[in-house]
J.: 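Sharing a structure below in structure tokens format, with a few things to ask.
Per chain, numbering begins at 1; letters A, B, ... match sequence-line order.
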2 protein chains.
Amino acid sequence: MADDLFKALADPTRRTILDELTEKSGQTLFEICSRLSMKHRLGISRQAVSQHLAVLEGAGLVETRREGRYKFHDLNTAPLRRIAERWPVPDPSGTEESTS
Amino acid sequence: MADDLFKALADPTRRTILDELTEKSGQTLFEICSRLSMKHRLGISRQAVSQHLAVLEGAGLVETRREGRYKFHDLNTAPLRRIAERWPVPDPSGTEESTS
DNA sequence: TTGATAGGCAAGTGACTACTTGCCTATGGT
DNA sequence: ACCATAGGCAAGTAGTCACTTGCCTATCAA
């Protein structure tokens with residue numbers, strides 16, 4: 001459903017996770033955890049990150065593959081295409097402000 | 001900020017409102033209310049729609065103009081561009097972009 | 001085997017949020 | 001003046017959500 005996609009994007013921590021996976025795809029849970037606490041100063045438990053990843057996977061934004069005791073997380077931005085399809089975005093005549 | 005944008009998109013009723021404004025921009029509050037109940041069978045109060053429109057306006061997705069006792073609501077999809085800018089979306093299934 | 005690492009499951013809690021209810025202001029028509 | 005229309009403000013409520021806590025399973029190395 002479209003609902004899962006937008007609900008997944010609604011949380012700032014999940015968007016940061018997507019940013020991290022954009023920078024380096026195929027990270028494990030612990031790798032994402034340490035990056036969130038190091039780079040983004042996010043004091044967050046492993047379980048919380050795991051739950052966020054489950055939501056992202058439910059939205060189709062993250063795909064996982066298991067190898068031994070490791071589980072790698074890959075980014076999939078394809079579902080985002082439906083947003084631009086649903087509400088057509090005009091050409092960038094004047095670029096807007098930057099992201100946060 | 002970016003948070004307002006994604007929070008605004010997180011609600012299905014607000015996304016339906018965006019759909020309605022995509023179809024016909026410049027609607028008043030009552031016009032949107034009646035369309036939601038007619039076309040989409042949404043039993044929702046006027047105040048609820050008003051609050052949704054305030055959230056959408058806070059996200060920059062809706063702009064308003066007053067004329068007398070009427071307040072018209074216009075769609076602005078420009079903020080959506082930042083989503084595709086933040087997480088690049090691949091081209092759909094092998095359609096390479098050759099500038100013909 | 002033991003121990004350490006990588007991850008999962010489930011219940012509980014606090015905060016947020018969508019919606020309602022009730023009352024108020026402003027504009028336009030008669 | 002009157003009254004209906006168009007919209008706004010604020011408090012209360014029920015449901016959802018992010019996060020924690022605690023315990024469990026699976027894989028690998030010694």
Side-chain angles (χ1 to χ4, degrees), chain A residues 1-21 24-38 40-59 61-74, chain B residues 1-21 24-38 40-59 61-74:
Chain A
M1 302 288 183
D3 203 59
D4 296 329
L5 172 62
F6 292 103
K7 287 272 175 62
L9 292 173
D11 186 85
T13 301
R14 281 196 289 269
R15 294 195 297 272
T16 305
I17 291 176
L18 292 182
D19 291 337
E20 276 307 310
L21 289 179
K24 179 171 181 288
S25 194
Q27 298 188 57
T28 67
L29 172 60
F30 276 77
E31 212 172 340
I32 297 172
C33 280
S34 59
R35 279 183 172 238
L36 287 181
S37 64
M38 297 296 202
H40 301 277
R41 301 280 192 272
L42 286 181
I44 193 173
S45 70
R46 173 185 60 88
Q47 288 80 356
V49 177
S50 178
Q51 288 167 5
H52 282 309
L53 286 170
V55 173
L56 290 171
E57 189 172 7
L61 290 168
V62 163
E63 290 166 354
T64 60
R65 51 193 159 90
R66 262 213 171 265
E67 288 182 20
R69 62 176 161 175
Y70 298 104
K71 188 179 184 184
F72 299 104
H73 301 264
D74 297 296
Chain B
M1 301 309 166
D3 202 59
D4 296 329
L5 172 62
F6 292 102
K7 286 273 175 62
L9 293 173
D11 187 85
T13 303
R14 281 196 289 269
R15 294 196 296 272
T16 305
I17 291 176
L18 292 182
D19 291 337
E20 276 307 310
L21 289 179
K24 179 172 182 287
S25 194
Q27 298 188 56
T28 65
L29 171 61
F30 276 76
E31 212 171 341
I32 297 171
C33 280
S34 59
R35 279 182 171 238
L36 287 181
S37 64
M38 297 297 203
H40 302 277
R41 300 281 191 269
L42 286 180
I44 194 172
S45 69
R46 173 185 58 89
Q47 288 80 357
V49 179
S50 178
Q51 288 167 4
H52 281 309
L53 286 171
V55 173
L56 290 171
E57 188 172 7
L61 289 168
V62 163
E63 289 167 354
T64 59
R65 52 194 158 89
R66 262 212 172 268
E67 287 182 20
R69 61 175 161 175
Y70 298 104
K71 187 179 182 182
F72 299 104
H73 301 264
D74 297 296

J.: Might you work through the side-chain contact (heavy atoms from CB on, under 4.5 Å) test for B/Val62 and B/Leu18, ending with a clear yes or no?
T.: CA-CA 8 Å; B/Val62 163; B/Leu18 292 182; 4.2 Å; yes

J.: Output the single nucleotide from D/dC17, D/dA18, D/dA6 whose closest atom is nearest the side chain of B/Phe30.
T.: D/dA6

J.: Answer whether the closest heavy-atom distance between the side chains of A/His73 and A/Ile17 falls below 4.5 Å.
T.: no

J.: Does A/Arg14 place a side-chain N or O at less than 4.0 Å from the phosphate oxygens OP1/OP2 of D/dA18?
T.: yes

J.: Distance check needed: D/dA6 P versus B/Ile32 CD1, whole Å only.
T.: 13 Å

J.: Tell me: CZ of B/Arg65 to C1' of D/dG7, nearest whole Å?
T.: 16 Å

J.: Could you check A/His52 against A/Glu67 and say which one's nearest nucleotide on DNA chain D is further toward the 5' end?
T.: A/His52

J.: Give every pair of a protein N or O atom and an N or O atom of nucleotides 21-26 of chain D that lie under 3.5 Å apart, one pair per line with the distance.
T.:
none

J.: Can you find a side chain N or O atom of B/Thr64 that sits less than 4.0 Å from OP1 or OP2 on D/dG7?
T.: no

J.: Grab the two heavy atoms, one from B/Asp3 and one from A/Ala10, that are nearest each other, plus how far apart they are.
T.: OD1-O, 4.3 Å

J.: For D/dG8 and B/Ser50 - does any side-chain N or O of the residue sit under 4.0 Å from the phosphate oxygens OP1/OP2?
T.: yes

J.: Keeping the roles fixed (side chain from A/Arg14, backbone from A/Lys7), state whether a donor-acceptor pair exists under 3.5 Å.
T.: yes

J.: Please answer whether the main-chain N or O of B/Leu9 pairs with a side-chain N or O of B/Arg15 as donor and acceptor at a distance below 3.5 Å.
T.: yes

J.: State whether B/Lys71 places a side-chain N or O below 4.0 Å from either non-bridging phosphate oxygen (OP1 or OP2) of D/dG8.
T.: yes

J.: Closer to the 5' end of DNA chain D via nearest nucleotide, is it B/Arg66 or A/Tyr70?
T.: B/Arg66

